[in-house]
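Heads up, the thing below is written out as structure tokens.
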Amino acid sequence: MRLSSLPIATQKEAPADAEVISHQLMLRAGMIRKLAAGIYSWLPLGLRVVRKIETIVREEMDRTGALELLLPSVQPGALWHQSGRWDLYGPELLRFTDRHKRDFCYGPTHEEVITDIARRELRSYKQLPVTFYQVQTKFRDEIRPRFGVMRSREFIMKDAYSFHIDEPSLDQTYQVMYDAYTRIFERTGLRFRAVEADSGAIGGAVSHEFHVLADSGEDAIAFADDGDYAANVELAPAAPPAQVQTGSGAAMEKVATPGAESIAAVSESLGLAPRQCVKTLFVCAADEGPPVALVLRGDHELNAVKTVKLPGVAEPLRMAGPKQVQSATGAAPGSVGPVGLSGPVYVDHAAAALADFACGANEDGFHLVNVNWERDLPRPQSVDIRNVLAGEPAPDGHGTLSIARGIEVGHIFKLGTKYSAALGATVLDDSGASIAMPMGCYGIGVTRIAAAAIEQNHDSAGIIWPQAIAPYQIMIIPLNQAKSDAVREKSEQLYARLADNGYEVMLDDRDVRPGVKFADCELLGIPVRVVIGDRGIKNGTLEVRGRRDSDNENIAPDELDNYLERKLAG
RNA sequence: CGGGGCAUAGCGCAGCCUGGUAGCGCGUCUGCUUUGGGAGCAGAAGGUCGGGGGUUCGAAUCCCUCUGCCCCGACCA
């Protein structure tokens, strides 16, 4: 590709509303343009990256024997009524009606459609197991699209669905997909981690997420450095403390703590470590009853996914309003505690293991100190409702947990028979019995991977593409080509030769100053750049540099192929 | 959806408070010079100041309203 024929200009400044680095760089590099909130056009360079990712995904899916198909993006509401999700999915489902006033939606996912295919086509256990996949544009009407293409409303996703005669077969395919996903992300050249995950709204029991590791990731993942354990923090169980504290015998006492309404302020005002304080949060009850109290150690964070599974807690999880807290405790949220509460109370294991702790007195401006379970208030049932922290032992007993940020780019589920039962997707087994097929569901966010790759791989000059998904592999930069025939000829020759040899190569034949070419080459993140100048021609050398290198290398022209092979390896 | 904010040239912004000529940087176009890290000089194009309504002799500026967008929270590949 000749840069002189690419009409998309790079930009020095990113639009003010681009918040994360991948969004800024994708805009500046001319990969994408915004059409509406959460809806983006893919320009030539961006599309090439998307296609590279899709190709890797397709090759690895095909290798497992999965069959590609293409399902409609527009789906009839009737199908969603059958699965029950028309009412359950919520406003994220983009709904509309056609001219006959029939309900339709733009597919956010394709369980219904694929299950409809399955119930029509699959009759016998002899056809199983089978896995179908597609690469399709999806639409989810996110409440708040942001971060460019990373959390857009319209996006490209690879989704696969497997059908089985029994659970062991599902287990087997699940593992095959797990391995395929591992190969896919290895091939992209990104640092990633597979973790155990909550299966959320899609349903089902077992699931794993694949995360691209990046500090800007929206998810926290916990993993053992020196073991195999890895899970989304949402899911990772926090073990009860090994030891329970014993009290000093000091009597419970009410202390004035004017203005201290946060753990930090209370701990400061009382001269107690946050871990010796207790915080009490109130969430809405499932049955419109009094709010549910949740008691946590001061230095711990509430885990919403764990909490919402507790009996009596409203789903989705909602914090109780100040008025509800006031009527449940007689105090404002900053001064509440578990002592003397009449409503439902859950206490985290760690908080339950404390003795002589501090908590709100349920009287504005006062806290209690030297509080002890059993003596000062009944010892309630203790549960796991907090996020694990780095440094804690892994739940499987092997190693110590670290916490890292991740961007979720893949998610695999065992769905079970949720959809096949609802939609009547059954086959006959070898005894002639009708069986609702257990299903698996496996997604990869194709467009999100492009953004995640940038979040993980960039520097102050721009993008640093892993070579496997770079839009082009090599940039040839001729210097002073307007004046130097030698430079022009050498560049053209090299461009033709590398292209003939199967490389994806760009030639910056624009009549601009060298600094502009260097800067654009770095912004675009092309893995290898080759500079052609009179200096090198005179010395009989080629100047090469990898995008991550800090210095140029001068090599003999006939070493170039070796150099490229090495630089662009796997 | 709740809370906060923004909307002026392709991009980044000033002007608004205190009403009267629409401006700066980058980018774009022309010419000359320059050519190893986002060049210099000279010139030029480009705006219904988000839409509608109102107040006023006069509105980018004040008021009302609509729309779009962004940020903070609960959801997801």
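Note on naming: letters A, B, ... go to the chains in the order of the sequence lines (proteins, then strands), and numbering restarts at 1 for each one. This structure is a prediction, so every number in the text was calculated from the model and none was measured.
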Nearest-Å distance, [atom1] ([X]) to [atom2] ([N])?
X        : N     : atom1 : atom2 : answer
A:Glu218 : B:A77 : CD    : P     : 12 Å
A:Arg510 : B:G27 : CZ    : C1'   : 13 Å
A:Phe139 : B:C76 : CZ    : P     : 17 Å
A:Met61  : B:A77 : CE    : C1'   : 14 Å

Nearest heavy-atom approach of A:Arg547 to A:Ile463 is NE-O, 3.1 Å
Measure across A:Arg193 and A:Ala230 and return the closest heavy-atom pair with its distance rounded to 0.1 Å. NE-CB, 4.0 Å
A:Lys34 side-chain N/O to B:C70 phosphate OP1/OP2 under 4.0 Å: yes
Let me confirm one number: the CD-CZ distance from A:Glu492 to A:Arg2, rounded to the nearest 0.5 Å. 4.0 Å
Return the polar atom pairs (N/O with N/O) between nucleotides 29-35 of chain B and the protein under 3.5 Å, or none.
{"from": "B:U34", "atom 1": "O2", "to": "A:Arg513", "atom 2": "NH1", "distance (Å)": "2.7"}

In whole angstrom, give me the gap between the [atom1] atoms of [N] and [M].
N     : M     : atom1 : value
B:G47 : B:U8  : P     : 15 Å
B:A9  : B:U35 : P     : 37 Å
B:A45 : B:A7  : C1'   : 25 Å
B:C16 : B:C75 : C1'   : 39 Å
B:G68 : B:C49 : C1'   : 16 Å
B:G40 : B:C57 : C1'   : 49 Å
B:G52 : B:U67 : C1'   : 10 Å

Checking base pairs now: Watson-Crick or wobble, both atom distances under 3.5 Å. What partners [N]?
N     : result
B:G46 : none
B:U61 : none
B:A14 : none
B:G68 : B:C6
B:C41 : B:G31
B:G73 : B:C1

Return the 5'-most residue of the pair A:Ala36, A:Glu209 with respect to RNA chain B, ranking by each residue's nearest nucleotide. A:Ala36
Would you mind telling me which residue lines up with the more 5' stretch of RNA chain B, A:Gly410 or A:Arg529, judged by nearest nucleotide? A:Arg529
Using side-chain heavy atoms (C-beta onward) and a distance below 4.5 Å, is A:His211 in contact with A:Arg405? no
Is the closest side-chain heavy-atom distance between A:Arg535 and A:Glu543 below 4.5 Å? yes
Regarding B:C70, can its base be found pairing with the side chain of A:Arg146 as donor and acceptor, where the two atoms are less than 3.5 Å apart? no
Check: A:Arg144 side chain, B:G4 base, donor-acceptor under 3.5 Å: no
Classify the nucleic acid contact of [X] as base, sugar-phosphate or nothing, counting any heavy atom under 4.0 Å across all strands shown.
X        : result
A:Gly443 : nothing
A:Val516 : base
A:Arg28  : base
A:Glu19  : sugar-phosphate

Which of residues 533-548 of chain A have a heavy atom under 4.0 Å from RNA chain B? A:Arg535, A:Glu543, A:Arg545
Set of residues satisfying ring-ring contact (aromatic ring centres under 6.0 Å, His included) with respect to A:Phe155, sequence neighbours excluded: none
Under 3.5 Å between N/O atoms: give me all the protein pairs with nucleotides 41-44 of chain B, atom names plus distance.
none

Produce the list of close N/O pairs, under 3.5 Å, pairing protein atoms with atoms of nucleotides 11-14 of chain B; give distances to one decimal.
{"from": "B:C11", "atom 1": "O2'", "to": "A:Glu13", "atom 2": "O", "distance (Å)": "3.4"}
{"from": "B:G12", "atom 1": "OP1", "to": "A:Ala16", "atom 2": "N", "distance (Å)": "2.7"}
{"from": "B:G12", "atom 1": "O2'", "to": "A:Glu13", "atom 2": "OE2", "distance (Å)": "3.3"}

Check whether A:Trp42 forms a cation-pi arrangement with A:Arg33 (NZ or CZ under 6.0 Å from the six-membered ring centre, at most 45° off the ring normal). no
Across all chains, not counting sequence neighbours, the side chain to side chain contact (heavy atoms under 4.5 Å, CB included) partners of A:Ala14 are A:Gln24, A:Arg28
